[in-house]
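In this chain, numbering begins with 1 at the start of the sequence shown. Hydrogens, waters and symmetry mates are skipped; everything else that's a heavy atom, side chains included, is used.
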Amino acid sequence: MAALLAAAWALLACAFLAALLLLLLVLRRPRGGGSSSSFVCGLFQDLVRWFTHFYVVSVFWNGFLLICLFQAKFLGGLLPSWIQCVHRALGRDSQSEDIDSEHFSALLVLLLLWLHSCRRLAECLWTSVFSNGVINIVQYCFGLVYYVAVGSTVLCQVPTNVRNGKELSVQISWYHIVGVMMYIWASLHQHRCLVILANLRKSKSGNVVSLSHNVPFGDWFERVSCPHYFAELLIYVSMAIMLGFHNVTWWCVVLYVLFNQALAAVLCHEFYHKNFSSYPKHRKAFIPFVF
C-alpha cells in the first residue's frame with residue numbers, strides 16, 4: 001500500500017507537469033494570437049490560487065498529528081486506533097533496523113511542516129496583501145485535501161510500532177542537521193520575499209495603498225521572478241533530506257511541489273513581461289540561472 005501512496009503523489013505531479021508543458025506550448029505561440037493565450041493563462045491562474053483557510057486546516061491537522069506522534073514516541077502513549085488503521089493501510093507495517101531514527105525523522109518533519117504552516121498563516125493574516133479572487137468548490141476541496149494529505153504522508157513513512165527509543169542526542173544524524181539548516185535558510189528568504197511583495201502595496205507607514213502589481217526588487221528577486229515559490233520547493237527538499245534522502249514517497253511529494261510551483265512561477269513571469277516593458281530580462285521564472 002505504501003507504493004500506492006507514492007504512486008498517488010507521482011500521478012498528481014505528472015498532472016501538474018502536463019499542465020506546465022501545455023502552458024509553455026501556449027506561451028510559445030506568436031504574441032498576436034493573444035486571446036487564446038490570455039484565456040489559458042487566466043484558467044491556470046485560478047488553479048494555483050491558495051487561501052488562508054488551507055493554512056488554518058494545516059496548522060490544526062498537522063499540530064494534531066505532531067502531538068499524537070510525540071506522545072507515542074516520548075510519553076509512552078499510543079497512536080489513536082483509527083490513525084493506526086490508516087497508518088497500516090497506507091504506511092509500512094514491517095520492522096526496520098533503525099526504527100527509532102525513522103520515528104525521530106518523521107517527528108522532526110512534522111514539527112517543521114507545522115511551523116511552516118504557522119508562519120504562512122501568520123504571513124497571510126498580517127503580512128501579505130492579496131488581490132480579490134475566487135476559486136470554485138473543486139479547487140477549494142483540493143486545497144483542503146492537500147494539506148491534510150501532506151501531514152498524513154509524513155506519518156505514514158514510519159513503521160507502526162512506535163515505542164520509546166534511544167536518547168534524543170543519539171537519534172540526531174548529520175542529515176537532520178543539514179535539512180534543518182536548509183529549511184531555516186529557505187524559510188528566511190521566503191519570508192523576506194513575501195515582505196518585499198507586500199511592501200509594494202503599502203505606504204511607509206504600513207497602510208495598504210494599492211492592489212496593483214509592481215516589479216519587485218531585492219533578495220532573490222534579483223535572480224528570479226518568483227523566489228517565494230523557489231523557496232517553497234527548497235523547504236520540501238529539506239524535509240526529504242531530513243527523512244534520510246531515500247524516502248521515495250516524499251520525493252514524489254517534492255516532484256508535485258516542483259511542478260505545481262513551476263506552473264505558478266511561469267504564469268507570474270509571463271505576467272511581468274507582458275505588463276512591464278522594462279522588466280529585467282536576466283531574471284529566470286523559478287530556478288536561478290536554470291528555469
Side-chain angles (χ1 to χ4, degrees), residues 2-21 23-24 47-48 50 54-55 58 61-62 65-66 90-92 101-102 104-117 119-120 142-143 145-158 173-190 193 220 224 226-267 284-291:
L4 291 179
L5 184 60
W9 281 109
L11 183 62
L12 195 58
C14 289
F16 274 88
L17 173 60
L20 175 61
L21 294 176
L23 177 62
L24 292 176
L47 291 174
V48 296
W50 303 100
F54 302 149
Y55 291 118
S58 182
W61 176 250
N62 292 322
L65 294 181
L66 178 63
L90 297 178
R92 294 191 295 113
S101 179
E102 292 185 31
F104 177 72
S105 296
L107 186 67
L108 180 61
V109 170
L110 264 180
L111 172 62
L112 296 183
L113 188 63
W114 179 75
L115 290 175
H116 177 62
S117 299
R119 177 179 63 81
R120 292 294 293 117
F142 176 82
V145 171
Y146 167 76
Y147 284 103
V148 170
V150 168
S152 303
T153 298
V154 177
L155 191 62
C156 290
Q157 299 315 297
V158 295
S173 301
W174 65 269
Y175 52 83
H176 295 139
I177 298 173
V178 172
V180 169
M181 291 176 63
M182 184 176 181
Y183 172 90
I184 294 173
W185 176 62
S187 298
L188 287 173
H189 280 284
Q190 186 179 57
C193 292
W220 286 356
V224 290
C226 301
H228 46 307
Y229 296 154
F230 178 55
E232 185 80 3
L233 172 63
L234 293 181
I235 287 170
Y236 278 81
V237 170
S238 73
M239 294 176 184
I241 294 174
M242 282 180 257
L243 289 170
F245 288 97
H246 60 272
N247 193 294
V248 175
T249 301
W250 195 257
W251 281 113
C252 290
V253 176
V254 171
L255 282 178
Y256 161 75
V257 174
L258 168 63
F259 297 134
N260 175 279
Q261 299 296 291
L263 175 61
V266 169
L267 286 166
K284 299 295 184 180
F286 183 42
I287 302 176
F289 309 107
V290 177
F291 175 73

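- Nearest heavy-atom pair across Val254 and Ala240 is CG2-CB, 4.2 Å.
- No side-chain heavy atom of Lys284 sits less than 4.5 Å from a side-chain heavy atom of Val290.
- The ring pair (Phe, Tyr, Trp, His ring centres under 6.0 Å) check on Phe245 picks up Trp174, with sequence neighbours excluded.
- Considering CD1 of Ile287 and CD of Gln261, their distance stands at 11.0 Å, rounded to 0.5 Å.
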Notebook entry, point to check: Stepwise, does the side-chain contact (heavy atoms from CB on, under 4.5 Å) test hold for Tyr236 with Leu113?
Noted result: CA-CA 9 Å; Tyr236 278 81; Leu113 188 63; 4.2 Å; yes
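- When the side chain to side chain contact (heavy atoms under 4.5 Å, CB included) test is applied to Val145, no partner is found at least two apart in sequence or on another chain.
- When all heavy atoms of His176 and Ser105 are compared, the closest pair comes out as NE2-OG, 2.7 Å.
- Relative orientation of the Phe230 and Phe286 rings is perpendicular, given thresholds of 30° and 60° on the angle between their planes.
- The nearest pair of heavy atoms linking Val109 to Met239 is CG2-O, 3.8 Å.
- His116 is linked by a ring pair (Phe, Tyr, Trp, His ring centres under 6.0 Å) to nothing, counting only residues two or more places apart in sequence or in another chain.
- In this structure, Val224 and Pro288 approach most closely via the heavy-atom pair CG1-N, 3.4 Å.
- Residues satisfying the ring pair (Phe, Tyr, Trp, His ring centres under 6.0 Å) criterion with Tyr183, sequence neighbours excluded, are absent altogether.
- Here Leu267 contributes atom CG and Leu263 contributes atom CG; the two are 5.0 Å apart, rounded to the nearest 0.5 Å.
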Next item on the list: Please test Ile241 against Trp250 for side-chain contact (heavy atoms from CB on, under 4.5 Å), starting from the C-alpha separation and ending with a verdict.
Entry: CA-CA 10 Å; Ile241 294 174; Trp250 195 257; over 6 Å; no
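- Asn260 is not listed as a side-chain neighbour of Tyr229, based on a closest heavy-atom distance of 4.5 Å or more.
- Partners of Trp251 by ring pair (Phe, Tyr, Trp, His ring centres under 6.0 Å), not counting sequence neighbours: none found.
- Between Met242 atom CE and Asn247 atom CG the span is 12.5 Å, to the nearest 0.5 Å.
- Residues Leu110 and Leu107 have side chains not in contact (no heavy-atom distance under 4.5 Å, counting atoms from C-beta outward).
- Listed by chain and number, the residues in a side chain to side chain donor-acceptor pair (under 3.5 Å) with Trp61 are Ser152 (sequence neighbours excluded).
- In this pair, Phe142 and Tyr146 present their aromatic rings parallel. The plane angle is below 30°, not in the 30 to 60° band.
- Phe291 contributes atom CZ, which lies 8.5 Å from atom CG of Leu258 (distance to the nearest 0.5 angstrom).
- For the side chain to side chain donor-acceptor pair (under 3.5 Å) test, residues two or more places apart in sequence or in another chain that qualify with Ser58 are Asn62, Ser117.
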With a 3.5 Å cut-off and sequence neighbours excluded, list the donor-acceptor pairs that the side chains of residues 8-19 form with protein atoms.
unit_1: Trp9; atom_1: NE1; unit_2: Thr153; atom_2: OG1; d: 3.0

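- Ala265 and Cys226 make their closest contact through CA-SG, 3.7 Å (heavy atoms, listed as atom of the first residue, atom of the second, distance).
- Annotation for Ile235 and Ser187: closest pair CD1-OG, 3.7 Å, computed over non-hydrogen atoms.
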